[in-house]
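Each ligand, and each atom within it, is numbered from 1 in the order the structure gives. One is the number of the first residue; the rest follow in order along the sequence.
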Amino acid sequence: MNLRRSTRIRGPPKDLFEGDFIGNHLHSSSIFVGGYMPRSTSKDNHKEQDANKVASGASTSSSTKRNSNDSNLIEHQDEVLMAEATNLATSPNANLDFLSKLVPSGEVLAFGEDNFVQFEETGVREARNAAFVLVAGGLGERLGYNGIKVALPSESTTGTCFIQHYIESILALQDASCRFVQGECRREIPFVIMTSDDTHSRTLELLESNDYFGMKPTQVTLLKQEKVACLGDNDARLAMDPLNKYRIQTKPHGHGDVHSLLYSSGLLKVWHVAGLRWVLFFQDTNGLLFKAIPASLGVSATKQYQVNSLAVLRKAKEAIGGIAKLIHADGRTMVINVEYNQLDPLLRATGHPDGDANCETGYSPFPGNINQLVFELGPYIEELTKTGGAIKEFVNPKYKDSSKTAFKSSTRLECMMQDYPKTLPPSARVGFTVLDTWLAYAPVKNNPEDAAKVPKGNPYHSATSGEMAIYRANSLILRKAGVKVDDPVKQVFNGQEVEVWPRITWKPKWAITFTEVKSKVSGSCSVSQKSTMVIKGRNVLVEDLSLDGTLVIDAVEGADVKVGGSVQNKGWIMEIVDYKDASAPEDVRIRGFKINKVEQLEKTYNEPGKFSLKF
Ligand SMILES: O=c1ccn([C@@H]2O[C@H](COP(=O)(O)OP(=O)(O)O[C@H]3OC[C@@H](O)[C@H](O)[C@H]3O)[C@@H](O)[C@H]2O)c(=O)[nH]1
Ligand SMILES: [Mg+2]
């Protein structure tokens, strides 16, 4: 338990816990001027203009009256910035110059376009100077899965679990990046996993029993976060463990712990000395993420962002934070994530009676934070030397009723890793990169029952949708590379209607950028909707292939395989499994289907050499 943190509550506890922290405080205080018009689907839309809109903060504005008592409360908290709308909206004042320097820019990317491809190349070059940090201390209570989330299969065609996919992606980036270097490149990309008491031993066991999925054990560091003391009531009395009255109850302190852990571990200095330049943070269950990594790192390097947050278009009420611009009454502004549970009350309190609503584009005007952060190492170390990695904390008590006296369960201080920019000076280069959702974000967070209840048109964020998103992304990427991929069919699993695309998967070493994909498919290729294609080898060239069934190709390093012709078989069939069916394994039940491997063409090349497979 971390007592240092638990004693850090300042100010009158009454104030601190008065009311619903989020509702009350925002009510009085903050204002949004930021906002952003999502790229419409129309092709001739000017991205530059969109980015400028973000930069100028001109898309929405409003005004509010500040209640001085409440605002004192806010100042106690020092948590949310305050503002009078006039500060930016009617800006011609002495502060303007100053303000314009504060405003970060954002890059809006579309997959496969020239600048995307350019950024990918830059990103791959830079990857050997990066370290990756996975925050995986969370239990995933919303998912209701009993194991650790990184052990879940990201898709069930190959059964590759999240952590395996992440490790293989990092290794593929490492290899691809080293290929840019003349002569020998010995760089091994460091990989840190933040665990907690809830996940630590199971994470370690998973890695050890799988030989670290091909990574050198010395490349991997586990940092365990500690839980913090819980508070039982509005007077911030310590809550006792229900099973042991001599023990203080503890709960997780949030993913924001990652910064102080990295700092105190000494790793940042080691990386700096070794010449690394970037630290990439990511979360536990997003099977698409690494498709967005090369381009995003390229954006950081090209634009010299100290902080780069990856974002996607956000649907109103989607459980992802909104990137917004907050303006303080004194003119300070900040582009920062506003967590999803705060966005609606904040908007309502600041002159947007509809709250968290879609704008005319059908999306929220605020880009959705996917909590993938790219930091430049040098400035990061400099900042942490000052702060020690402490992140602004908050409390989010859930009350039993509207009298707001008793908690549903004990609360505690928490912090979020994306709040890191809050302590940065105005001169910091903080930006964001907006990517296509289909390419970058499909987390697995919701259990089937909750997923089926999300508003129509919003992403389910379930094991079902997470898996389908991988097939869709791979299908769309191959389409873009010239392969004729059949349209998906709609199907319902666990009460969720999803698009089922051909089940196309490949190992990251086959291709981690669009350029690599294009170099590995040629001629006239087609894949039917009922098909499954699994490519496991690095040098597998797909040429003039017509696939209607299942094809699995594996090849060792050094085996160059050309595969083509017409492959037809009964293939692999998706069979419905109800999540209530207790006879099925949990990871099958939560996705609502299993794969029946009826018939396939499977070839494995164990020896180096040149091979051609033509049907
Ligand atoms: O104490 C903790 C809590 C969480 N985590 C990790 O942090 C990651 C995110 O946790 P959650 O899935 O609970 O996050 P949430 O869905 O609540 O929101 C998060 O992701 C979506 C973004 O839009 C939000 O801004 C971000 O906070 C997970 O990888 C989890 O394992 C920790 O490592 N420690
Ligand atoms: Mg959470």
Taking the six-membered ring for Trp, are F191 and F282 parallel (under 30°), tilted (30 to 60°) or perpendicular (over 60°)? parallel
List ligand 1 atoms under 4.0 Å from Q225, heavy atoms only on the residue side. 1 (O), 2 (C), 32 (C), 33 (O), 34 (N)
Can you find a non-hydrogen atom of A136 under 4.0 Å from ligand 1? yes
Report yes if some N/O of G138 lies less than 3.5 Å from some N/O of ligand 1; otherwise report no. yes
Within this structure, what is the CZ-CD1 distance for the pair F162 and I167, rounded to the nearest 0.5 Å? 14.0 Å
Against heavy atoms of Q283, which atoms of ligand 1 measure under 4.0 Å? 8 (C), 9 (C), 19 (C), 20 (O), 26 (C), 29 (O)
Going from CD1 on I370 to OG1 on T433, what distance comes out if it is rounded to the nearest 0.5 angstrom? 9.5 Å
Check ligand 1 against K445 and write out every atom of the ligand that is under 4.0 Å from a heavy-atom position of the residue. 11 (P), 12 (O), 14 (O), 15 (P), 16 (O), 18 (O), 19 (C), 20 (O), 21 (C)
Atom indices of ligand 1, in the order listed, that fall short of 4.0 Å to a heavy atom of Y441: 21 (C)
Ligand 1 to P252, heavy atom cutoff 4.0 Å, flagged ligand atoms 1 (O)
Check each atom of ligand 1 against the heavy atoms of N371 and keep those under 4.0 Å away; list them by number with element. 26 (C), 27 (O)
Which atoms from ligand 1 have a heavy atom of N369 less than 4.0 Å away? 22 (C), 23 (O), 24 (C), 25 (O)
Partner of H255 by side chain to side chain contact (heavy atoms under 4.5 Å, CB included), out of Q225, Q418, E414: Q418
